[in-house]
Peer 1: 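Would you mind keeping the following structure in view while I ask a few things?
These numbers come from the heavy atoms of this one structure, side chains and all, not from hydrogens, waters or symmetry mates.
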Amino acid sequence: MRSQSIQEQDAKFREALRAVPIHNPRATVKVSPDYPDEVEITVPLVYKNPVARFLRDLLKASDVKQYKLDRVGTMIYRAIDGRKNFEQLIDEFATKEKITFFESRALLGAYFQTLTGNGIIAATMPKRR
């Protein structure tokens, strides 16, 4: 596998910033009654592999996974509207929290990866004109 040049890495990064995050339509969101700034999100688990399905049934494993988002995670989740791309969300958060774009990118990048990795959100690419 060949390593990428800085220009190639930069182009990939810029393209990733253009991706538009969307909520997982199969997830359910419940606001914490005690802490309205926190939400609990339940995501259905998909077992595609027949062996995994067999083990799930054998072990009576859950078909869902629950995640509790803290104040910042909830703020990010609520800001995702299916129209704004990652760059716009990062910029909006930076302005709101009075931090630089780069600080916001570092903070939100980790949240976006976690939310995406756990199936809470998905990244979609806008159609090219």
Peer 1: Kindly say whether Y77 contributes a backbone atom to a donor-acceptor pair with the side chain of H23 at under 3.5 angstrom?
Peer 2: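 Looks like yes, one N/O pair under 3.5 Å.
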Peer 1: For R26 and V46, work out which heavy atoms get closest and say how close.
Peer 2: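 Closest pair (atom of R26, atom of V46, distance): NH1-CG2, 3.7 Å.
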Peer 1: Same cluster or not: L59 versus L45, using hydrophobic residues (I, L, V, M, F, W, Y) connected whenever any side-chain heavy atoms lie under 4.5 Å apart?
Peer 2: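 Per the 4.5 Å side-chain linkage, L59 and L45 are not co-clustered.
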Peer 1: Atom CD1 of I120 and atom CD1 of I76: how far apart are they, to the nearest 0.5 Å?
Peer 2: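 Answer for the CD1-CD1 pair, I120 versus I76, is 11.5 Å.
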Peer 1: Using a 3.5 Å cut-off and no angle test, enumerate the donor-acceptor pairs between side-chain atoms of residues 111-119 and protein atoms at least two apart in sequence or in another chain.
Peer 2:
residue	atom	partner	partner atom	Å
Y111	OH	D70	OD1	3.2
Y111	OH	D70	OD2	3.0
T114	OG1	A110	O	3.0
T116	OG1	F112	O	2.8
N118	ND2	T114	O	3.2

Peer 1: Output the distance between atom CZ (R71) and atom CE (M75), rounded to the nearest 0.5 Å.
Peer 2: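 Between R71 CZ and M75 CE, I get 4.0 Å after rounding to 0.5 Å.
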Peer 1: For the hydrophobic clusters of this structure (ILVMFWY residues joined by side-chain heavy atoms under 4.5 Å, transitively), does one cluster hold both V72 and L69?
Peer 2: yes
Peer 1: Between side-chain atoms of residues 32-42 and protein atoms elsewhere (two or more places apart, or another chain), which donor-acceptor pairs fall under 3.5 Å?
Peer 2:
residue	atom	partner	partner atom	Å
S32	OG	Y35	N	3.2
E40	OE2	Q66	NE2	3.4
T42	OG1	Q66	NE2	3.4

Peer 1: Is it the case that more than 12 heavy atoms not belonging to F101 sit under 6.0 Å from its CZ atom?
Peer 2: yes
Peer 1: The test is side chain to side chain contact (heavy atoms under 4.5 Å, CB included); show your working for M125 and E15 and say whether it passes.
Peer 2: CA-CA 9 Å; M125 288 306 292; E15 180 140 349; 3.5 Å; yes
Peer 1: Rounded to the nearest 0.5 Å, how far does CG of L108 lie from CD of E87?
Peer 2: 12.5 Å
Peer 1: For residues 89-98, run the donor-acceptor check on the side chains, cut-off 3.5 Å, and write out each pair with its distance to 0.1 Å, sequence neighbours left out.
Peer 2:
residue	atom	partner	partner atom	Å
E92	OE1	K84	NZ	3.2
E92	OE2	K84	NZ	3.2
T95	OG1	D91	O	3.1

Peer 1: Measure across N85 and R18 and return the closest heavy-atom pair with its distance rounded to 0.1 Å.
Peer 2: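 Smallest heavy-atom distance, with atoms named: CB-O, 3.3 Å.
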Peer 1: V31 and I80: same hydrophobic cluster, using ILVMFWY side-chain contacts below 4.5 Å?
Peer 2: yes
